[in-house]
Amino acid sequence: MTAIISTPYSRDLGDELRRLRESCTEFHGRAMAIQLGWDPSKVSDIELGKVRASEVDLVQYIATCGKDIEFVNEFRSRYYNAFDLYFAQVPDDLRTLAMTEAMASKIISLDIMTVPGLVQVEDYARELFVDSHIEAPEDIEKFVRARMERQAILRRPSRPECLFYVHELALRMRLGSASLREDQYLRLLFNTHILRIVPAHITAFRSPCVLYEFEKAPSVVYCETDMAKVFAQDKTAVARARRLFQRLDGVALDEEQSRSKLMEYISGLREDSDVPGTDLA
C-alpha cells in the first residue's frame, strides 16, 4: 500500500469500495480489517482514496465482498489510473463530479455559452440536452434529474463558498421559449450574491473552467466538453486556473452591475412579449 496524494477519482473509487463492503458484507470498517488481517487504518485510508492499494490488497478486499475475478479485473482496470494528476471521463459518468462538488469548500467557475449547471432551472437544463442532439432521448431525464440533485449542495447549512462567472454570451443564447429564458434569468437574479457577469466585449476567454478547493485535499481544476470530463490536479494547471480567475475579477461586473445587466435582459424579454407572435406569458 503506497501513500500518495488523493485525487477526485481515487476518492470516488475508494467510496465505491466502501459501498461494496456495506452492501455485500456485514463488516464495518474495523471488522473488515480484522477479516483481512490488516491494520484498521488501512481499510479507512483505501476507502477514502488517501492511499493506493496494491493489486493484492484489491483482490483480497473485493474477494472478501464475494465478487469474482471478472469483477476484480474490471475494477483494477479503472483503479490503475485513480491517482493520475490528469484524467478524463466519459460525459455520462457523474459520480466523480458530484462527489467533488459535495466535498469542495470553495467553487469558482467560468461559463461562456451556458448558465452554470448548479444554478440552472430544470427546463433550461432539459432544453440544453435536447438541443445538443447528442444524448439518447431516453437518457435525458436521467441527466436532468442528476443535475437538479447536484444543486442540493447550495442548500446545505455547510454549503461551499461559490462564485460563478457567467459570460454575457450565455445570456444571449436563444435557448427554448421566452418564458423559459425569463425563468432562468430570474434564477440568476436571485443568486447575484454568488454571480458575476462577464461583459460581451470581453472575448479573451475560450473555454469554461471550474476550480475546486478543499479543506483537506489539493485543489482540482475541471473542464468539460461534449466528449469528455477532464480533472487536473497538477500544480501548473491549478496555478493557471487561479490566474484566470484573478483576471476575471478585474473585468467582470460587480454584484450590483450584474443585477442590473440581468434586469436589462428580463426587461427586454417582457418588452418583446408585447410584439405579436412572442410566447412570454
Side-chain angles (χ1 to χ4, degrees), residues 91-92 94 97 101 107-137 139-148 150-151 154 162-210 222-230 244-245 247-248 251-255 257-275 277-281:
D92 59 356
L94 303 175
L97 175 61
E101 290 174 338
I107 301 173
I108 312 174
S109 74
L110 166 65
D111 285 83
I112 298 174
M113 300 303 296
T114 62
V115 168
L118 290 176
V119 288
Q120 290 176 5
V121 298
E122 184 171 336
D123 286 342
Y124 180 96
R126 182 176 293 106
E127 191 67 26
L128 277 176
F129 287 119
V130 171
D131 193 58
S132 73
H133 300 288
I134 294 176
E135 310 300 344
D139 291 334
I140 288 176
E141 288 308 311
K142 176 184 69 174
F143 292 138
V144 172
R145 185 169 62 254
R147 185 162 297 181
M148 295 303 102
R150 283 168 46 206
Q151 295 179 2
L154 300 182
C162 294
L163 181 57
F164 303 114
Y165 289 97
V166 183
H167 201 284
E168 196 173 350
L169 289 175
L171 305 182
R172 294 182 175 183
M173 287 281 287
R174 298 183 65 84
L175 186 72
S177 67
S179 60
L180 182 156
R181 295 196 298 277
E182 183 180 26
D183 286 346
Q184 184 59 74
Y185 292 154
L186 289 171
R187 169 69 67 84
L188 296 177
L189 189 66
F190 181 74
N191 284 282
T192 46
H193 60 294
I194 56 173
L195 181 81
R196 295 183 64 185
I197 303 297
V198 181
H201 69 274
I202 304 294
T203 59
F205 309 109
R206 296 181 294 275
S207 61
C209 175
V210 187
Y222 172 79
C223 298
E224 180 178 334
T225 72
D226 290 333
M227 304 304 156
K229 291 176 165 66
V230 179
L244 165 68
F245 291 119
R247 164 67 173 152
L248 283 166
V251 299
L253 304 181
D254 62 24
E255 180 179 341
Q257 291 170 328
S258 296
R259 184 179 296 112
S260 297
K261 179 62 68 174
L262 286 164
M263 285 302 303
E264 289 178 17
Y265 279 87
I266 293 169
S267 298
L269 281 176
R270 291 176 176 175
E271 289 171 4
D272 289 344
S273 69
D274 295 330
V275 178
T278 59
D279 56 359
L280 187 62

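Every value quoted in this text rests on a predicted model; they were computed, and no experiment measured them.
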Return yes if some donor-acceptor pair links the side-chain N/O of Thr192 with the main-chain N/O of Leu195 below 3.5 Å, else return no.
no
Charged N to carboxylate O below 4.0 Å: is that the case for Glu255 and Arg259?
yes
Between Tyr185 and Leu269, is there a donor-acceptor pair closer than 3.5 Å when you use the side chain of the first and the backbone of the second?
no
Any idea which heavy atoms bring Ser258 and Leu253 closest together, and the distance?
OG-O, 3.4 Å
4.5 Å side-chain heavy-atom contact, Leu97 and Tyr222:
yes
Can you name the closest pair of heavy atoms from Asp92 and Lys229 and give their distance?
N-NZ, 4.3 Å
Distance check, rounded to the nearest 0.5 Å: Leu244 atom CG versus Phe205 atom CZ?
6.0 Å
Counting only N and O atoms by type, is there a donor-acceptor contact under 3.5 Å from the side chain of Gln184 to the main-chain atoms of Val121?
yes
All heavy atoms of Arg181 vs all of Arg174, minimum pair found to be NH2-NH2, 3.6 Å
Can you see which heavy atom on Leu118 is nearest to which on Leu154, and at what distance?
O-CD1, 3.3 Å
When every non-hydrogen atom of Asp254 is compared with those of Arg196, the smallest separation belongs to CA-NE, 4.0 Å
To the nearest 0.5 Å, what is the distance between CD1 on Ile266 and NZ on Lys261?
13.0 Å
Arg126 bridged to Glu141 by N-O distance under 4.0 Å
yes
So CG of Leu128 and CD1 of Ile134: to nearest 0.5 Å the spacing works out to 11.5 Å
Smallest separation among heavy atoms of Phe164 and Val119, with atom names
CE1-CG1, 4.0 Å
Mind checking the SG-CG spacing from Cys209 to Leu110? Nearest 0.5 Å is all I need.
7.0 Å
For a 4.5 angstrom cut-off between non-hydrogen side-chain atoms, does Pro199 reach Val251?
no
I need the Leu248 CG to His167 NE2 distance, nearest 0.5 Å.
9.0 Å
Can you tell me how far the CG atom of Leu171 sits from the OG1 atom of Thr114, to the nearest 0.5 Å?
11.0 Å
Is the shortest side-chain heavy-atom distance between Tyr124 and Arg187 below 4.5 Å?
no
Checking Glu168 side chain against Ile197 main chain: does a donor-acceptor pair fall under 3.5 Å?
no
